[in-house]
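See below for the structure under consideration.
Position 1 is the first residue of the sequence; numbering continues from there.
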Amino acid sequence: MSPAISLLVVAAVVLPAIVGAASVLMLRHRLDASRLVSLGACLALVGIAAALVVHAAGGTTESYALGNWRAPFGIVLVLDRLSAMMLLLTAVLATAVMTYAVATGMDRKGWHFHPLFQFQLLGLNGAFLTGDLFNLFVFFEVLLIASYGLLLHGQGAARLKAGVQYVVINLVGSTLFLVGVGLLYGVTGTLNMADLAVKVAAAPPGDQGLIAASALILTVVFGLKAAVAPLHFWLPGAYSVTTGAVAALFAIMTKVGAYAIIRTSTLIFGEDAGAAAFVVGPWLLPAALATMVIGFVGLFAARGVRAMAAWSIIGSMGVLLSAIAVFRVEAMGAALYYVPHSTLAGAAMFLIADLIARRRGEHGDSLTLAPPFRQSGVLSGLFFLAAIAIVGLPPLSGFIGKLLILDGVRAAPEAAWIWGTILITTLIGVLAFARAGSLLFWKSSEIEGEIPVRALRGHVAGVAAAAGLLAALAGLTVLAGPVTAYTDAAAAQLFAPQGYIDAVLGPDAGGRR
């Protein structure tokens, strides 16, 4: 790895750690300075991630050994097409959310928003770059601690209740994570993912059962993070009661679970893993289909726009994981295109829900008839665009993503189930959002008067932040050709893990060719 690329890879992890610590130690009582530093850090991460994506597009997997301790004995950060893409997605989302939080004054509602935000980015970026399972656990814990603080930001009984449930559930997941990691370490003597790929492939038949068991345990943990049914129950309550900006940032949290499933299933438990080869597939696909149905049916049960956004996150995870679960290159490429789409669309809906709630007074974001409200015309347009993006209607990227997934799974034996579920849930989503939009904008417009609201802080910049996320979806649509070329190449790279192994362990460390 060249010195410049090494610096950028390390900076993606170190920058939010330094900014978060500095915000606590030096900028605690200087909100304006904290805002400036946080926004600057987010923009810097966009530049860093963009440069890494350009470098990773060449197809070379790069590794950086922290402290110059070579793998598998030291900690390594690994850059490939997938990790670079996830870094850029995180940085773009973080910039939009931070802009919204500052513009609307949401960051004023509690202490330590900016440090927690930066530590959240530290956990996200570290999880996407780490080449070691134990360090993946460590970064998951960083995510848990920071997200708990962000979830409670602004206080309130409902947030405290949801926060306690969120922490308890994730602590159970962390315990299972340690059990799965312990099983793998007991069998192989290593937790470096590249080294695990080599040793799992060479494991004797007597160890294959334990390896398969550890793969399933880890998938349960990652499925909990990804809100896969029946482990999804924590998400609607947690995401719908926190602030709009925090919920929008949390839209990428479920993708960390999906990323971990993709990484471990293709690298460690891939086609050369013996009895553990893609062992999660038969379990993951039914769970993904159930998640899809539960998520989109949940849209009808939602009583507010924020709750609808939360259920849409679950539904989109079902769509994504249904493509991942067949473990085919074509389907994986489609899934990777759908990852940024579903993340940005869900985040946009959370911001739009918050904008609506701020303008409807006591009615909030509830799906009830109420008089028209300020900027209802603009927000109705944004709601419409976000809704068609989430359900997958043209012309936005959701339509392209779902078409790619349908085409990618076509040759799979389970194609009929996936096709039927996606098409039916798309129709359900259309009906649910049409009902919500009718109540919020069309029928409400017939009521005389207007809801009085006090002066709105940063209303233009807040709307611009939500519109920016929708503009990013339009960019995914316009640039679908080069984006899908990148995601297809990333999928091919995932299913040819020898390059990852060689980059981490060296070409003479043994292989799976």
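Residues L82 and Y259 meet the side-chain proximity criterion, which asks for heavy atoms closer than 4.5 Å. Y64 is not listed as a side-chain neighbour of L129, based on a closest heavy-atom distance of 4.5 Å or more. Using a 4.5 Å cut-off on side-chain heavy atoms (C-beta onward), L122 and F139 make contact. Between L196 and T264 the shortest side-chain heavy-atom distance does not fall below 4.5 Å. Under the 4.5 Å side-chain criterion, counting only non-hydrogen atoms from C-beta, I268 is in contact with M193. With a 4.5 Å cut-off on side-chain heavy atoms, V339 and T487 do not count as touching. Annotation: side chain of P497 is not in contact with side chain of T266 (no heavy-atom distance under 4.5 Å). L224 has its side chain out of reach of V221: every pair of non-hydrogen atoms, C-beta onward, lies at least 4.5 Å apart.
H341 places no side-chain N or O within donor-acceptor distance of the main-chain N or O of L396, the cut-off being under 3.5 Å. A donor-acceptor pair under 3.5 Å is formed between the side chain of K402 and the backbone N or O of V391. Between the side chain of D365 and the backbone N or O of V305 there is at least one donor-acceptor pair closer than 3.5 Å. Judged by distance alone, the side chain of S63 and the main-chain N or O of A503 form a donor-acceptor pair under 3.5 Å. Side-chain atoms of E62 do not come within 3.5 Å of backbone N or O of L79 as any donor-acceptor pair. For Q493 (side chain) and D80 (main-chain N/O), no donor-acceptor pair under 3.5 Å exists by modelled atom type. Of the possible polar contacts, none joining the T291 side chain to the G318 backbone as a donor-acceptor pair under 3.5 Å is found. A donor-acceptor distance shorter than 3.5 angstrom exists from the side chain of S380 to the backbone of G377, with no hydrogens or angles considered. With hydrogens and angles disregarded, no donor-acceptor distance shorter than 3.5 Å links the side chain of S438 to the backbone of A434.
Interatomic distance, CG of L87 versus CZ of F128, reported as 7.5 Å (0.5 Å rounding). In this structure, the separation between CZ on R81 and OG1 on T60 is 8.5 Å, given to the nearest 0.5 Å. S322 OG to E414 CD: the interatomic distance, rounded to the nearest 0.5 Å, is 10.5 Å. Here the OG-CG distance, from S83 to N125, works out to 10.5 Å after rounding to the nearest 0.5 Å. To the nearest 0.5 Å, atoms CG (D195) and CG (L133) are separated by 11.5 Å. One finds the CE atom of M86 at 8.0 Å from the CD1 atom of I262 (value rounded to the nearest 0.5 Å).
Considering V9, L8, L7 as possible partners of I48, the one that fulfils the side chain to side chain contact (heavy atoms under 4.5 Å, CB included) test is L8. With I314 as the fixed residue, the side chain to side chain contact (heavy atoms under 4.5 Å, CB included) test singles out one of L235, V293, V228: L235.
When all heavy atoms are compared, the tightest approach of A127 to T130 is O-CG2, 3.7 Å. Minimum heavy-atom separation, A491 to G333: CB-N, 3.4 Å. The two residues G223 and L231 come nearest to each other via the heavy atoms C-CD1, 4.2 Å. When all heavy atoms are compared, the tightest approach of L336 to M85 is O-CE, 3.7 Å. Heavy-atom minimum distance, S316 versus Y338: O-CE2, 3.5 Å. In plain terms, the two heavy atoms of M332 and F327 that are nearest each other are CE-CD2, 4.4 Å.
No hydrogens or angles considered: nothing links the side chains of N170 and Y148 as a donor-acceptor pair under 3.5 Å.
Taking the six-membered ring for Trp and thresholds of 30 and 60 degrees, F137 and F177 have ring planes more than 60 degrees apart, a perpendicular arrangement. Using bins of under 30°, 30° to 60° and over 60° for the plane-to-plane angle, the ring pair Y166/F250 lands in the parallel bin. Note: H232 and W311 have tilted aromatic rings, judged against thresholds of 30 and 60 degrees for the angle between ring planes. Ring orientation note: the planes of F278 and F495 are tilted relative to one another, at an angle of 30° to 60°.
The distance between the ring centers of F433 and F384 does not fall below 6.0 angstrom. For F117 and H114, the ring centers sit 6.0 Å or farther from each other.
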task = Dump the intermediate steps for side-chain contact (heavy atoms from CB on, under 4.5 Å) on R410 and E330, then the final yes or no.
result = CA-CA 9 Å; R410 189 175 36 163; E330 316 84 49; over 6 Å; no
message = One pair to check against side-chain contact (heavy atoms from CB on, under 4.5 Å): V463 and L351. What are the steps and the verdict?
response = CA-CA 8 Å; V463 171; L351 295 187; over 6 Å; no
message = Pair Y337, Y486 - check ring-ring contact (aromatic ring centres under 6.0 Å, His included), show working.
response = CA-CA 9 Å; Y337 178 86; Y486 183 95; over 10 Å; no
task = Would you check, one step at a time, whether the test side-chain contact (heavy atoms from CB on, under 4.5 Å) holds for L43 with T95?
result = CA-CA 6 Å; L43 290 171; T95 302; 3.7 Å; yes
task = Please report the C-alpha distance between L289 and L285 in whole Å, then the side-chain angles of each, then the deciding distance to 0.1 Å, and finally whether the side-chain contact (heavy atoms from CB on, under 4.5 Å) criterion is met.
result = CA-CA 6 Å; L289 297 179; L285 183 58; 4.3 Å; yes
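At most 12 heavy atoms of other shown residues, nucleotides or ligands fall within 6.0 angstrom of atom CZ in F134. Residue R303 qualifies as open at atom CZ: its count of foreign heavy atoms under 6.0 Å is 12 or below. Around atom CH2 of W417, no more than 12 heavy atoms belonging to other residues, nucleotides or ligands sit under 6.0 Å away.
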